[in-house]
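When a residue number appears, it is its place in the shown sequence, counting from 1.
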Amino acid sequence: MAPATAETVPVLRDRVVTLRPLSEADLPAVVEQSRDPETARWTTVPSPYGPEQAEAFLALTRDQWAGGERCTWVVEHEGRFCGLVAVRARGDRVVEVSFAAHPAARGRGLTSRALALVVRDAVERGAELVLWHALVGNFGSRRVAWRTGFRISDPVRRMRAGKAVESWSGSLVKGELLQPRHPWPVPAPLEGDGLRLRPFRDDDVEAMPDRVDDLGVRFMPSAMPRRADFADWLLERRTLTAQGESLVWAITDPDDAVRGAVELFRLGAGHSPGSGMLGYWLLEGARGAGLLGRALDTLVAHVFAHEVGGGLGLRRLGASCAADNLASARVLRRAGFALAGSERAAHDVDEVPGDVLKFNLLASDDRQAQRVEPASTPVIETERLRLRPWRDTDVPGPGEGADDASLAFMPEGAHPDAARFPAWLRRKRGFMERGEAVHWCVADRASDHAHGLLSVFGMGPAAGRFQGEVGYWLHPPARGRGILAEALPPVIDHAFAPMTEGGLGLTRLHAETDIDNAASQRLLEGAGFRRWGEDRSAFRRVDGTLTDGAHFELLASDERLDRRTTRAPLAEVTLDGERVRLRPWVGEDAPRVVEACRDERTRLWLGRLPHAYTLVDAAAYLLHCHVHAAHGTGLFLAAADPADDRCLGSVAVMELGGDDPTTGEIGYWAHPDGRGRGVMSEAVGRVVRHAFAPQEDGGLGLRRLVLRAAVGNDASHRVATTNGFLRTGVARRAERLGDGSFVDLVDYDLLEQEWSAG
C-alpha cells in the first residue's frame, strides 16, 4: 500500500458522507467526542481531554499522513462533523481500520458508510487484507464492522495500554462483498396478555437473585443468571445475537419488573434454515401464575409472523426439557407444541442421567387443536377416605405392593412395590401431563396413608373427549373393607360432571376385568356398571396363560343406585333478597372462591383449607356442591350480589339424608367483599326459610337446623343470633383453626315452630 502525503490526501465521498482531512475547525467537535463516556470507555483517548489534547491530535494526524503510517479522516455529513475513521499499515498489503462516531451522529449508519469508503480506498491502493479490532462488549463498533462485511472471530487476548484485554477481531479479504455475512436480529418489544417482552438492559441486574433456587439449579443450571453472573450472561446473549444465532427477551410485568426470560437460539443453523430452538426461565416468585404460557403465546405469534409484517418469518420451533421437569413440559403442551420423541440419559439431574423430551411446533400447525391441558387430580373426601394426588412419599410399605391376586389379575408392573414405585409414579404423572388420565391416591382420611389407586384413563384430547376407562387396585391390607366401593361413586360423579363445573365432561365410562376376578366385577356392578359382554383369550396373565375378559359400561344418562342416601336429588334453587341473591354455583365463580379462600381471615376460621388454594381446588369445591345436591345430601348455594351477580360467599344446608332426615346443618363463609354489609345474615335467613318450607311448596321440609361457630368468630355468632338460633352448648377445644390452635365450638339450633312463630 503506497503512503499518502499531506499534498495527496484523498477526499472520499459517496451519496451521503464525505471523508476529508482533519482541520482546526474540527477541534471543538473532537473535544466533544473525546469527552463522551462511551468514547472514553472503548478507546484510549487521554483524560481529561481539552483543546490542548485536540491540537496535539491534529498535529499527530498530519505527521502520520506525511509518514504514511496512519491515515485519519473526518466523517462529514451535511457539512457537520460526525466522527473519525482511520486506516493504519500493519505489514505487507495488510491494513487495520479504526473509527469512532460523534455522539450526535450515532445510530444513523454514517460510520458504516465511511468505513466502506476507507476499505475500498485501501484495497484500490494495494491492500489484500483489512483487519479490525474492538474490546469485547463494544457492540457499537462490532455493528459497524458487521455491516461492512467483516468476518468476526471469537475473542482473542491483546495488549492495550499495557494490559491484557479481550478483543473481537475481524477481517476482510480483497474481493469480498462489503455487506453483512449473516443477520443481526433485534428483539423487538412485544406486548402480551398482562406482560411485555423487551430486550434486557444492564440495570436489570437488580432483579436477579443472589442465588439460583433449587428448581433452577436442578433444571436450569446455566440458563438462569445470578446477580454476580448477570453481566457475563448478558454479554454472552448479546454476542450470540450479534452472530445471528440467538434472541433473548426479558419477560416483564406491567410495572416493567423482570420476571424471567424467553430465548430463541440456533437461529439460521445451516442444516435447518427457518428454524430455531426455544428456551425460557422464570424467577422463583413468578412461577405458577401462567406467566410463561402467556409469554410463549406472545412470542410464537411474532416468531411465525411474516417478516414483511415485522415478524421473524420462521417455519419451525423446537424445544426440550428434562423428562421429570413436569412444569416445563406442561408449558410446552399448553402452548401447542407436539411431543416428537425423547432422548434417553441425555440430561443429568442431581448427577443422575435422565431422559430429555423433544417438542416441536410448525408455523402450519393448528396450535389450538394441539394444545394439551394437563389433567389435575381434585381432592374428594368421603366418610372414611381422601382421594388426592399421589405423592413421592406414598411408597408402598412392608406387606404392600403386588401379591398373588395382583399378579393374577393385573399386568406386570401395574401394582408397584417400593423399588418400582418411583418409575411407576413418573409414568402416571406423564399420562396426566398429556391430559390422558386422572389418577387418585385412595388414602385414609384420618391417617392419610395410601390404600391404593383409582384412575380414569384413555380419555383422549379434551376437545373430542367423551369416554374413559376406569382402573383400580388396593394394597393387600386394605382389601375387604369396602374402600373402593366407597371411593368409586364420587369418582364417577366427577367423570360425568361437565368440564365447566370442574369435571371431566365424559358421557361414558367403561372397564374390563379378568373373567375370574369376581371382586372387581362385584365392585363395578355395585356402582351401576352394566356387564355387556365377554371376549375370549383377551388377557395374558403374568404366568403367560391366556384368559377371557368381562366388559362393563356406564353412561352418564344411566340411573345409578347411590347407597349413601335415600333422598331424592335437591333442586339447586334461586332465592332473591334485597342485599343478596342465592343461586346455584357456576364455573365462573371459581376465581372468586380462590380469592375468598386465600384471604387471611377465611383461612383462620376454615382451618381445613388446602395450604395453597388454587383454581383446581375451587373447581373441586364447585363439583362437591353439585354432587351433594345430586345425592340429596346437601344444598350449597352461592351468595351473589343482586346488581352484578358477583359471588359474595356461600350458604349451605348440609348433612341431609342421615339418621334424622328432618335435621340439617347450616354452614356459610363470606368473600371479603361481602363482609360488614349484612349479606350473610340475610343469606342465612333466606336459606333457613327455604329449609323449613314444606316439600310440596318447593322447600326442604325440615323440622330442625343446627349451626356451629368457633369462639372468637364474632361475625359468625352474629349471623346465628340474628336469625333466631339459640345457643345449646359448647364443645371444648373442638375446632382447629388455620393457625393450628384449637378453640371451643358453640352449638346452636333452631326449630321450625320457633321460626314460624318469630
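Glu433 pairs in a side-chain hydrogen bond (donor to acceptor under 3.5 Å, both in side chains) with only one of the listed residues (Arg333, Lys428, Arg330), which is Arg330. With Leu582 as the partner, the side chain to side chain contact (heavy atoms under 4.5 Å, CB included) test is satisfied by one option alone out of Val684, Leu575, Leu635, Asp576: Leu575. Just one of Tyr472, Trp440, Trp424 meets the side chain to side chain contact (heavy atoms under 4.5 Å, CB included) condition when paired with Leu453; it is Trp424. Of the candidates Val331, Leu291, Ile251, Val331 is the only one forming a side chain to side chain contact (heavy atoms under 4.5 Å, CB included) with Leu296. With Leu454 as reference, Leu488 is the one residue of Leu488, Val438, Leu474 to meet the side chain to side chain contact (heavy atoms under 4.5 Å, CB included) rule.
A 6.0 Å sphere centred on CZ of Arg391 holds more than 12 heavy atoms belonging to other residues, nucleotides or ligands. The environment of CZ in Arg420 is sparse: at most 12 heavy-atom neighbours from other residues, nucleotides or ligands sit within 6.0 Å. More than 12 heavy atoms of other residues, nucleotides or ligands sit less than 6.0 Å from atom CZ of Arg384. More than 12 heavy atoms of other shown residues, nucleotides or ligands fall within 6.0 angstrom of atom CZ in Phe457.
Residue Leu737 holds its CG atom at 5.5 Å from CH2 of Trp605, rounded to the nearest 0.5 Å. The structure places CZ of Arg481 at 8.5 Å from CG of Leu385, a figure rounded to the nearest 0.5 Å. Atom CZ of residue Arg736 and atom CG of residue Leu745 lie 15.0 Å apart, to the nearest 0.5 angstrom. One finds the CG atom of Leu637 at 15.5 Å from the OH atom of Tyr668 (value rounded to the nearest 0.5 Å). One distance of note links CG of Leu648 with CE of Met680; it measures 9.0 Å at 0.5 Å rounding. Rounding to the nearest 0.5 Å places CZ of Arg259 at 11.0 Å from CH2 of Trp281.
When side chains are defined from C-beta on, Pro378 counts as touching His494, because their heavy atoms get closer than 4.5 Å. Residues Cys441 and Leu387 form no side-chain contact, since every pair of their non-hydrogen atoms from C-beta on lies 4.5 Å or further apart. Counting heavy atoms from C-beta on, the side chains of Leu750 and Arg704 never come closer than 4.5 Å. By the 4.5 Å heavy-atom criterion applied to side chains, Leu504 and Met459 are counted as neighbours. Inter-residue side-chain proximity for Leu705 and Phe725 is flagged as met; some heavy-atom pair is nearer than 4.5 Å. When side chains are defined from C-beta on, Pro490 counts as touching Thr382, because their heavy atoms get closer than 4.5 Å. Residues Arg196 and Asp255 form no side-chain contact, since every pair of their non-hydrogen atoms from C-beta on lies 4.5 Å or further apart.
For the pair Glu682 (side chain) and Val679 (backbone), a donor-acceptor distance under 3.5 Å is absent. A donor-acceptor pair is defined here as one N or O able to donate and one able to accept, closer than 3.5 Å; no such pair exists between the side chain of His475 and the backbone of Pro477. Between the side chain of Glu486 and the backbone N or O of Glu383 there is at least one donor-acceptor pair closer than 3.5 Å. Between the side chain of Thr298 and the main chain of Arg294, a donor-acceptor pair closer than 3.5 Å is present. At least one donor-acceptor pair under 3.5 Å links the side chain of Asp744 to the backbone N or O of Arg733. With hydrogens and angles disregarded, no donor-acceptor distance shorter than 3.5 Å links the side chain of Asn713 to the backbone of Ala710. Listed for the Arg434 side chain is no donor-acceptor partner under 3.5 Å among the backbone atoms of Pro374.
When every heavy atom of Leu702 is checked against every heavy atom of Gly664, the shortest pair comes out as CD1-N, 4.0 Å. The two residues Arg601 and Ala715 have their closest heavy-atom pair at NH2-CB, 3.5 Å. The nearest pair of heavy atoms linking Pro396 to Gly401 is CB-N, 4.1 Å. Across all non-hydrogen atoms, the minimal contact from Leu425 to Asp392 is CD2-OD1, 3.4 Å. Taking every heavy atom of both residues into account, Ala443 and His451 meet most closely at C-CD2, 4.0 Å.
Checked for salt-bridge contact, Arg592 and Glu595 meet the test: a charged N lies under 4.0 Å from a carboxylate O. The pair Asp297-Arg334 does not count as a salt bridge, with every side-chain nitrogen at least 4.0 angstrom from each carboxylate oxygen. The pair Arg287-Asp213 counts as a salt bridge, with a side-chain nitrogen and a carboxylate oxygen less than 4.0 angstrom apart. Taking the charged nitrogens against the carboxylate oxygens, Asp660 and Arg703 do have a contact shorter than 4.0 Å, which makes a salt bridge. Between Asp641 and Arg579, none of the side-chain N atoms (NZ, or NE/NH1/NH2) sits under 4.0 Å from a carboxylate O, so this pair counts as no salt bridge. For Arg429 and Asp324, the salt-bridge test fails: no basic side-chain N is under 4.0 Å from an acidic carboxylate O. Salt bridge status for Arg581 with Asp644: absent, with no side-chain N to carboxylate O gap under 4.0 Å. Ionic pairing of Asp444 and Arg386 is not present here: no N-O contact between side-chain nitrogen and carboxylate oxygen is shorter than 4.0 angstrom.
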**Q.** Intermediate values then yes/no, side-chain contact (heavy atoms from CB on, under 4.5 Å), Arg227 and Asp210
**A.** CA-CA 5 Å; Arg227 185 171 300 185; Asp210 291 324; 3.8 Å; yes

Q. Can you check side-chain contact (heavy atoms from CB on, under 4.5 Å) on Thr602 and Leu609, steps first, answer last?
A. CA-CA 9 Å; Thr602 304; Leu609 289 175; 4.1 Å; yes

(Q) I'd like to know whether Glu665 forms a side-chain contact (heavy atoms from CB on, under 4.5 Å) with Glu655, so could you lay out the CA-CA distance, the side-chain angles of the two residues, the decisive distance to 0.1 Å, and finally the verdict. (A) CA-CA 6 Å; Glu665 180 178 350; Glu655 304 299 328; 3.7 Å; yes

Q) Taking it one step at a time, do Glu469 and Leu509 satisfy side-chain contact (heavy atoms from CB on, under 4.5 Å)? A) CA-CA 6 Å; Glu469 185 172 353; Leu509 287 172; over 6 Å; no

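Identified under the side chain to side chain donor-acceptor pair (under 3.5 Å) test for residues 717-731, with sequence neighbours left out: His717-Tyr748.
For Thr614 and Arg598, the side-chain atoms include no donor-acceptor pair closer than 3.5 Å. Side-chain contact check for Glu400 and His449: at least one donor-acceptor pair (N or O, by modelled atom type) lies under 3.5 Å.
Note on ring orientation: taking the six-membered ring where Trp is involved, the planes of Trp473 and Trp390 are tilted (angle from 30° to 60°). Ring planes of Phe636 and Tyr621: perpendicular class, angle over 60° (limits at 30 and 60°).
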